[in-house]
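Numbers here simply count residues along the sequence, with the first being 1.
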Amino acid sequence: MWIADGWKDYEVIDTSAGEKLERWGDYLLIRPDPQVIWTTDKKEKGWKKCNGHYHRSSKGGGEWEFFDLPEQWTISYRELKFNLKPFSFKHTGLFPEQATNWDWCAEQIRKEISRREKAGDTDPATGTVRPVKVLNLFAYTGGATISAAAAGAHVTHVDASKGMVAWAKENAVTSGLADRPIRWLVDDCGKFVEREIRRGNHYDAIIMDPPSYGRGPKGEIWKMEENIYPFVQLCSKVLAKDPLFVLINSYTTGLAPSVLTYMLSTALKDWKGQVESQEVGLPVSSNGLVLPCGASGRWLAEK
């Protein structure tokens, strides 16, 4: 399992009866988590003294109950900063378990930039080191985007939600990355990739965090199990001839890590690379256990 254990401003304090008690900076939240099927003694005082509690409804959805929580606040991860605010369906605007993937992507980007500098791999048009171009699809509030940009990549950030792209821009500004080469695009990810294929544009790396279920702008239905493999095949057509990596995140319970490995190995068979897939998790500070938070598949080129 890949564990996001580098946080100082965030922690899962305890878990019990379908919920998790979390610290987000100075504030404690209780949110539902379908993985928490066990019941334990709620000895942590935060269970009774939280700043916000999201209550699930038996009819679906739910609502927040606030006690003492600002409309927005900021937390840090390494050199990155994120603006948080609770909004519909229990979310805060950040998936902290993804920090383990941010670190991995940033490491690959830095290594590749260093390799290109040493090799004198320059862009003929500018005479500067050829940039590492990253495409972030279903990019949400931009955790992976600003991490990749901080590592030195040129990033294209694509999400169908105008509000999420605006939020991601705010995170970039808060992190001091407003001047970095990031393209912010409100677009359907599939249609954008199809247009990039027609334009002949290519990327060194692709990051994607597709939803388990969703609807497109014209009512198109997205189901992860049915649509992800054809989508990865489509995305392979915008990879550079010597790509760096591809990262896929999955919160769909039916997709085991081994499925991600097989899918990536098959879809990217035209390039030499290694695939590794694991569950992603967050440490629980009260008992030393790890809360599973989906899975990720990583394809890395052989250089």
Side-chain angles (χ1 to χ4, degrees), residues 1-10 12 75-82 94-116 131-157 168 171-172 175 177 180 182 203-210 228 232 235-236 239-240 242-251 255-265 267-268 271-283 290-303:
M1 180 182 283
W2 292 317
I3 303 173
D5 55 4
W7 283 98
K8 294 181 179 179
D9 277 4
Y10 172 85
V12 179
I75 65 171
S76 299
Y77 180 75
R78 306 195 193 283
E79 74 274 25
L80 309 177
K81 295 184 182 298
F82 301 96
L94 190 67
F95 293 102
E97 67 275 5
Q98 287 303 315
T100 184
N101 284 323
W102 304 338
D103 289 346
W104 180 81
C105 292
E107 179 185 6
Q108 308 314 318
I109 291 165
R110 292 189 183 103
K111 284 181 178 178
E112 179 63 11
I113 291 173
S114 178
R115 187 193 69 80
R116 293 183 183 186
V132 173
K133 296 181 179 179
V134 175
L135 174 60
N136 188 12
L137 299 168
F138 310 98
Y140 195 52
T141 59
T145 292
I146 65 174
S147 177
H154 291 210
V155 187
T156 297
H157 174 110
N171 284 334
S175 293
L177 300 170
R180 296 299 174 97
I182 305 172
Y203 297 86
D204 298 293
I206 297 175
I207 300 168
M208 64 177 74
D209 200 348
I228 185 60
V232 175
C235 290
S236 71
L239 280 173
D242 55 344
L244 182 57
F245 67 80
V246 176
L247 168 68
I248 299 177
N249 295 311
S250 170
Y251 294 93
L255 292 183
S258 56
V259 174
L260 295 177
T261 294
Y262 204 100
M263 178 179 65
L264 282 167
S265 298
L268 305 178
W271 292 274
K272 290 184 178 181
Q274 297 294 323
V275 181
E276 185 178 4
S277 302
Q278 298 276 355
E279 282 188 283
V280 175
L282 287 163
V290 177
L291 177 66
C293 304
S296 294
R298 301 168 176 174
W299 179 92
L300 180 64
E302 294 180 1
K303 292 290 184 178

Taking atom CD as the centre, does E79 end up with more than 12 heavy-atom neighbours from other residues, nucleotides or ligands that are less than 6.0 angstrom away? yes
With a 4.0 Å cut-off on N to O distance, would you call E112 and R115 a salt bridge? yes
Spatial distance of atom CD (E279) from atom CE (M1) [nearest 0.5 Å]: 4.0 Å
For E97 and A4, work out which heavy atoms get closest and say how close. O-CB, 3.5 Å
Taking the side chain as every heavy atom from C-beta outward, state whether C293 and F95 have any pair of such atoms under 4.5 Å apart. no
Rounded to the nearest 0.5 Å, what separation is found between the CD1 atom of I207 and the OG1 atom of T156? 11.0 Å
Distance check, rounded to the nearest 0.5 Å: H154 atom NE2 versus I109 atom CD1? 11.0 Å
Distance-only donor-acceptor check, side chains K81 and S76, under 3.5 Å: yes
Side chain to side chain, N136 and F138, heavy atoms closer than 4.5 Å: no
Please step through side-chain contact (heavy atoms from CB on, under 4.5 Å) for the pair M263 and L260, ending with a clear verdict. CA-CA 5 Å; M263 178 179 65; L260 295 177; 3.8 Å; yes
With rounding to the nearest 0.5 angstrom, report the CG to CG distance, D204 to L135. 11.0 Å
Are Q274 and L300 close enough that some pair of their side-chain heavy atoms sits under 4.5 Å apart? no
Given side chains that start at C-beta, do those of M208 and V232 come closer than 4.5 Å, heavy atoms only? yes
For G297 and S277, work out which heavy atoms get closest and say how close. CA-OG, 3.3 Å
Just checking, any donor-acceptor pair under 3.5 angstrom between side chains of Q98 and Y77? no
Any non-hydrogen side-chain atom of V275 less than 4.5 Å from a side-chain atom of Y262? no
Which class fits the ring pair W271 and W299: parallel under 30°, tilted 30 to 60°, perpendicular over 60°? perpendicular
How far apart are the closest heavy atoms of C235 and I206, and which atoms are they? O-CD1, 3.5 Å
Separation of K133 NZ from L239 CG (nearest 0.5 Å): 13.5 Å
Shortest non-hydrogen contact from Y140 toward L94: CE2-N, 4.0 Å
Return the minimal non-hydrogen interatomic distance between L244 and Q108, and the atom names on each side. CD2-O, 3.7 Å
Tell me, with the steps shown, if W7 and I75 meet side-chain contact (heavy atoms from CB on, under 4.5 Å). CA-CA 10 Å; W7 283 98; I75 65 171; 3.8 Å; yes
Supply the atom-to-atom distance D5 CG to T100 OG1, rounded to the nearest 0.5 angstrom. 7.5 Å
Side-chain (R110) to main-chain (G152) donor-acceptor, under 3.5 angstrom: no
What one should report as the nearest heavy-atom pair of I228 and P210 is CD1-CG, 3.8 Å
Decide side-chain contact (heavy atoms from CB on, under 4.5 Å) for R180 and I146; before the verdict, give the C-alpha distance in whole Å, the side-chain angles of both, and the deciding distance to 0.1 Å. CA-CA 9 Å; R180 296 299 174 97; I146 65 174; over 6 Å; no
Can a donor-acceptor pair be found, under 3.5 Å and without considering hydrogens, that links the side chain of N101 to the backbone of A144? no
Whether R78 engages the ring of W102 as a cation-pi pair (distance to the six-membered ring centre under 6.0 angstrom, angle to the ring normal within 45°) should be assessed. no
If we ignore hydrogens and angles and just use 3.5 Å, is the side chain of S147 paired with the main-chain N or O of G143 as donor and acceptor? no
Where does the angle between the aromatic ring planes of F245 and W104 fall among parallel (under 30°), tilted (30 to 60°) and perpendicular (over 60°)? perpendicular
